[in-house]
Structures are given as C-alpha cells and as structure tokens.
**Student:** 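Here it is, the structure in full.
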Amino acid sequence: MLNAQGRATDTGTRGEGGRATISGHRGLDHEEGLLFEIGRREVTGVDLPDIELTADRLGGLQRKLPIGLPGLTEPEAVRHYVRLSRKNASIDANLYPLGSCTMKHNPRLNEKMARLPGLSDIHPLQPQKTVQGALALLDELAHWLKTLTGMPAVALSPKAGAHGELCGLLAIRAAFQARGEDRRRILVPESAHGTNPATAALCGFTVEDVPGTADGRVDVAAFQERLGSDVAGVMITNPNTCGLFERDLVAIADAVHAAGGYFYCDGANFNAIVGRVRPGDLGIDAMHINLHKTFSTPHGGGGPGAGPVVFSERLAKFAPLPLLIHDDNGFRLIEDMQEAEAAGHAPFGRMCAFHGQMGMFVRALTYMLSHGGDGLRQVADDAVLSANYILASLSDVMSAPFEGPCMHEALFDDTFLKNTGVTTLDIAKALIDEGFHPMTVYFPLVVHGAMLIEPTETESKETLDRFITVMRELASDAKAGRTERFEGAPHFAPRRRLDETGAARKPVLRWRPSDAKDMARVEAAE
Ligand SMILES: *Cc1c(COP(=O)(O)O)cnc(C)c1O
C-alpha cells in the first residue's frame, strides 16, 4: 500500500516474497524518510550566534509563529542525501537505453575542464575584456557546430532541445513578419516528438499531421498535398523517432522552399549522423542540437541541457541576441538590438537573460576536441552499429514494425506479446528487476506498444550481450506463459508499481504533518 506521499506503508509490498524486515530497510538499501519526517526542530548542523534584532524594519510583517523547518545534524544530513543519491538510476551506474535520449557516457575529462576556475568562476556581467578566453571558447564551439552541420550561423543560448525548437520557430515567424506574410500552418509528421507540435502551437501556428509510409518515413505525396501558400514550414526529425533515416529530405526541402516555407529539423538524434551527414546539405533552414545528447553533457532529472540552433543563410539574420563577433578588439557580444540592426541583423529578440549554459558549452567542446572530426564520425558509426546489433539479436523473438537496418535506435512493437497477457509496460518493469533502466515505451505513438531502445556507442559488446540475453529471456517467458516475474514487477526496486499518471496529473507537492506524532511535535514547538 502506498500513502499520499507514495511511501510504502507496508514493508511487505517492497520486497521479494513479502518478507518484511524489523527496520523497514532492505539490506543496505535504506528506507529514507522526508526531511520533515526525520528532522527535529531543535537540532541543527551549524552553530551560529543568536541574532539580536534591534529594530523592526519589516513594518510588522515578520512571522509570528516559528517557521517549523526540520533540523538535522551534519552526519544525518550527509547520510540523508547520500542515501537518496544511491536511489538514482544513472548512466554512471548502468546501461540506460532510453530511446530518443542518447544516454551516453559523460567523459570525466569534460568535468575536469568545466571546473577550471577561469571557466567556472566567471560571471556573465563581468566586463567582456576580462572573459576573452570564455568568449573564444563560445566562438570555437560555434565553429564546430557550423562545420559539422554545414550551416552558416548558430544561436548558442537556447537551454534545451525544446527551447531550441522555440528559437527556430520564432526565427521563422520573424522571417514571415519581415516578408509581410501571415502564414499559420506548420506540417508535422505523426511520428514527431511531442515537443514539435507543442512548440508550433506555442508560437501561434496551427499544427497539421503528415502521415507516415508503411516503412516508417514521411509520406512525401501526402506531404505535398498539404503544401500551399499558407504553409509556414515543416518540422521533421532526422533520423526520425522510429530510428530511421528520412530518405526524401532533399525532395521535402525543395518542395517546402518552392511553396515559400521553411524547413525546421529536429536534430535531437544527430548522434546517428554526426560527421557523416551535414544537415545544411539537405536543405534544412534551422535545427537544434541537443549538446546533452550528441555531445555528452550530462542530462536527466531536469538538470541543465543546452540546445543551440543552427540556421541557414535564409534565416541567419533573424537569430536571437546575443551575437558573438570577433574583430581587431577581440571577441565581443552584441546585446543591443540597434547595434545588431546596424550590423545588418534582425534578431527576433533573445531566448534567455544571459548567454546560455556555459558549463555545458565547455563540456561539449571538450568532447569535440578530444574526439576530433574523425572520432565524431566514429561515434555515429558505432552508435548505429550498436543499435543494429540489438535489432538483429532480438528480431527473431520480438517484433520490429519496420525493416532494418536502423539508425541509432532499435524499435519494437508489442505484436510478439499478443495473447500473452504481458504488456510493454510489464517488460519495462521486469527490466528494472534485472538491473537495467527500461527503454522508452509507448513512443513513438505511431507504433503499438512501442519499445524504443537506444544503446549508444559507449556501451561495450559485453553489456549489450547481457541486455540481449535478458530481453530474449523475458520475451520467451512471456510467450511461454511464465508470467509470474511480470506480475506487479518491479519486485526488487525501492518502490513497486506506482500510479505514474496520478503522480503527473495530481502531484503531491506539499508535505503536511500526517500523523499525530508529527502534529504534536509542531504544536509543542509553536
Ligand atoms: C530529446 C528530444 C527533444 C527535446 O529535447 P529536450 O532537450 O529534452 O528539450 C525533442 N525532440 C526529440 C526527437 C528528442 O529526442
């Protein structure tokens, strides 16, 4: 049973075979309470002198009751956070084959560079002449991104892939404003990542689906039928979310350009083609790159990402502020609209207060420089090889909706689970018991019961083989009716099956003293 905080109220629900422990802990895996549950008001880890308030400068607004924050000693605080950190599934601990997310190893060299004081201890409001090295680094990163994509301009400041989409579509909107045209329709394939239609809608466009072909690509004929003089552009992911290369991109680009529209490419899957294909050569006008996917900066858990956007000649001048320039006086950021306009630019505005995620820029450039151009090409080759190894090794026991070879991720559907009573979700939960973070499930939406597996290039063949062995076993158990391991899985995780929809739709964000003991403690303190 779980109470409102999602905490187990019965230790028997946590463990294997319902065996409860006296303490509620399982081995060295501690059941960790909230700070409010384990803290005490009268305890503190710091020793500060009492403050003597001489005059009330709050105009009588100071609080009347004690604030009621829980206190811990320093060792208790350390244990609390260390125990919580151990519950975190991470790429540093395990294979994390989450499709469309490119969960690759983050080299330690990146971290070392990001911590250099000249890069980590600077402030965006510092005089620019004191941060010439950091600006040179931004320029170098921009150079790599432009070279790898074959595009003439880049905006570094967007802070994630979705933020990059917003940046790209705002540039497209600005281009139509400059042309004096009001175009509202954006075409989006039905296999698109949810952020694509969401971004288009946020920018005031109406979104129209483009169906896919039987082999998982954009249906070019259907696309052309929808084109017209009111179409602002198209948003296409390449390689697409089925893990397949969009064969007809040049024809699509030519058609959308002939209709006067722009081609936005979702470049989140750039890992599969980096160093092999230059999106600029395919006729793309704007594309975001997830540095936190392709260029190995850490991601997940809402941490900082970075989603620079590259632009074609047609959109370059609408790129947002700041603009980075290099002249006889060194590097300089143009942050002023009039100055930008005087230099021939027409920025649509800016994406954020400062210049983007500096720490991620340092990591991404470190990754690029340590791999070199040939190393990045090998990244793409190996990522595609790993995914095809998985596709080929599982195709006989699972069901793949589209014929391979695939790009960087292998896609399966749930046809092989038909009449077994086992679902895609059951497979994902059983994988947790086996020590693997699940793959992406039920996405892309165009495939029934989808399982999208992206191993990346940084996993060894041994790890992939262990994963394949487990997946084969799970598939054959399901088909043979040996379903016990799936029922209520995960059995070995700190929590069993949770109400994920409820958690997303009705999150419990506020702690309330729920039992009498907590209540008595707060009341006594007050
Ligand atoms: C990850 C991803 C995004 C969104 O990127 P965020 O950095 O999470 O905002 C968009 N499209 C695709 C195809 C992705 O895989």
Side-chain angles (χ1 to χ4, degrees), residues 91 96-104 106 145 155-170 186 188-203 207 210 212 216-218 234-246 249 263-274 279 284 286-310 351-352 356-357 359-361 363-364 380 383 387 406-411 437 439-447 450-456 504:
I91 190 66
Y96 209 124
L98 205 51
S100 210
C101 293
T102 315
M103 305 299 289
K104 63 166 78 177
N106 305 125
L145 292 173
L156 293 177
S157 59
K159 300 200 173 190
H163 205 211
E165 292 172 30
L166 181 63
C167 176
L169 288 208
L170 288 175
I186 290 267
V188 181
E190 55 188 15
S191 64
H193 195 265
T195 49
N196 293 190
T199 302
L202 188 70
C203 293
V207 180
V210 180
R217 271 86 173 181
V218 173
V234 59
M235 291 181 93
I236 294 182
T237 306
N238 185 54
N240 69 22
T241 58
C242 299
L244 303 169
F245 196 88
E246 289 287 354
L249 283 192
F263 185 168
Y264 186 88
C265 181
D266 179 332
N269 295 336
F270 196 45
N271 205 51
I273 57 172
V274 60
I284 286 157
M287 181 181 98
H288 73 261
I289 298 162
N290 302 55
L291 298 187
H292 48 289
K293 292 180 181 170
T294 308
F295 298 106
S296 88
T297 75
H299 63 136
V309 179
V310 286
M351 294 302 294
C352 53
Q357 308 283 27
M360 298 304 130
F361 298 155
R363 288 172 175 87
C406 60
M407 296 298 289
H408 60 301
E409 51 198 359
L411 176 60
H437 191 285
M439 69 295 265
T440 291
V441 290
Y442 301 105
F443 175 82
L445 305 176
V446 287
V447 167
M451 290 171 235
L452 188 61
I453 304 171
E454 181 177 5
T456 84

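Ligands are counted one by one from 1 in listed order, and the atoms in each one are counted from 1 as well. Side chains are part of it too, since the values below use all heavy atoms of this structure and drop only hydrogens, waters and symmetry mates.
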**Student:** Using a 4.0 Å cut-off to any heavy atom of Ala160, which atoms of ligand 1 qualify?
**Tutor:**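 Near Ala160, the atoms of ligand 1 are 7 (O), 9 (O).
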**Student:** So, using salt bridge (Lys or Arg N to Asp or Glu O under 4.0 Å) as the criterion, who are the partners of Lys293 when residues are at least two apart?
**Tutor:**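 Salt bridge (Lys or Arg N to Asp or Glu O under 4.0 Å) list for Lys293, sorted by chain: empty.
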**Student:** Do the non-hydrogen side-chain atoms of Met351 and His163 ever get within less than 4.5 Å of each other?
**Tutor:**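 With C-beta onward as the side chain, the pair touches.
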**Student:** Determine yes or no for a side-chain-to-main-chain donor-acceptor pair under 3.5 angstrom, with Asn106 supplying the side chain and Ser296 the backbone.
**Tutor:** yes
**Student:** Which residue and non-hydrogen atom of the protein lie closest to atom 9 (O) of ligand 1, and at what distance in Å?
**Tutor:** Ala162 N, 2.8 Å
**Student:** Using distance alone, determine whether Ser100 and ligand 1 share an N or O pair under 3.5 Å.
**Tutor:** yes
**Student:** Are a donor atom and an acceptor atom from the side chains of Thr102 and Glu454 found within less than 3.5 Å of each other?
**Tutor:**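 The criterion, which ignores hydrogens and geometry beyond distance, is satisfied for Glu454 and Thr102.
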**Student:** So, Glu409 side chain and Ser100 main chain: donor-acceptor pair closer than 3.5 Å or not?
**Tutor:** yes
**Student:** Starting from atom 6 (P) of ligand 1, what is the nearest protein heavy atom, named by residue and atom, and what distance separates them?
**Tutor:** Gly161 N, 3.4 Å
**Student:** Does ligand 1 have an atom under 4.0 Å from some heavy atom of His299?
**Tutor:** no
**Student:** Applying the side-chain contact (heavy atoms from CB on, under 4.5 Å) test to Phe295, which of Asn271, Ile289, Asn290 qualifies?
**Tutor:** Ile289
**Student:** Counting distance only, does the side-chain N/O of His292 pair as donor-acceptor with the main-chain N or O of Ala306 below 3.5 Å?
**Tutor:**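 A pair under 3.5 Å: yes.
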**Student:** Between Asp266 and ligand 1, is there a nitrogen or oxygen pair with a distance under 3.5 Å?
**Tutor:**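 Between Asp266 and ligand 1 (N or O atoms, distance only) the closest approach is under 3.5 Å.
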**Student:** Hey, looking at atom 14 (C) of ligand 1, which of Met235, Glu454, Lys293 has the closest heavy atom?
**Tutor:**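 It is Lys293 that holds the nearest heavy atom.
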**Student:** Can you find an N/O atom of Cys101 closer than 3.5 Å to an N/O atom of ligand 1?
**Tutor:** no
**Student:** Check ligand 1 against Ala268 and write out every atom of the ligand that is under 4.0 Å from a heavy-atom position of the residue.
**Tutor:**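 Going through ligand 1 atom by atom, the ones under 4.0 Å from Ala268 are 2 (C), 11 (N), 12 (C), 13 (C), 14 (C), 15 (O).
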**Student:** Does the N or O separation between Thr237 and ligand 1 drop below 3.5 Å for any pair?
**Tutor:**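 N/O-N/O distance under 3.5 Å: no.
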**Student:** Residue-level breakdown please: for His292 versus ligand 1, do any non-hydrogen atoms fall below 4.0 Å on the side chain, on the backbone, on both, or on neither?
**Tutor:** side chain
**Student:** Any atoms of ligand 1 less than 4.0 Å from a non-hydrogen atom of Asn290? List them with their elements.
**Tutor:**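 Answer, ordered by atom number: 1 (C), 5 (O), 6 (P), 7 (O).
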**Student:** Any donor-acceptor pair under 3.5 Å linking the side chain of Asn240 with the backbone of Gly216?
**Tutor:**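 Yes.
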**Student:** Would you say Glu190's side chain and Val446's backbone share a donor-acceptor pair under 3.5 angstrom?
**Tutor:**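 Side chain of Glu190 to backbone of Val446, a donor-acceptor pair under 3.5 Å: no, none is there.
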**Student:** Just jot down the ligand 1 atoms closer than 4.0 angstrom to any heavy atom of Thr195, in number order.
**Tutor:**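 In order of number, 10 (C), 11 (N).
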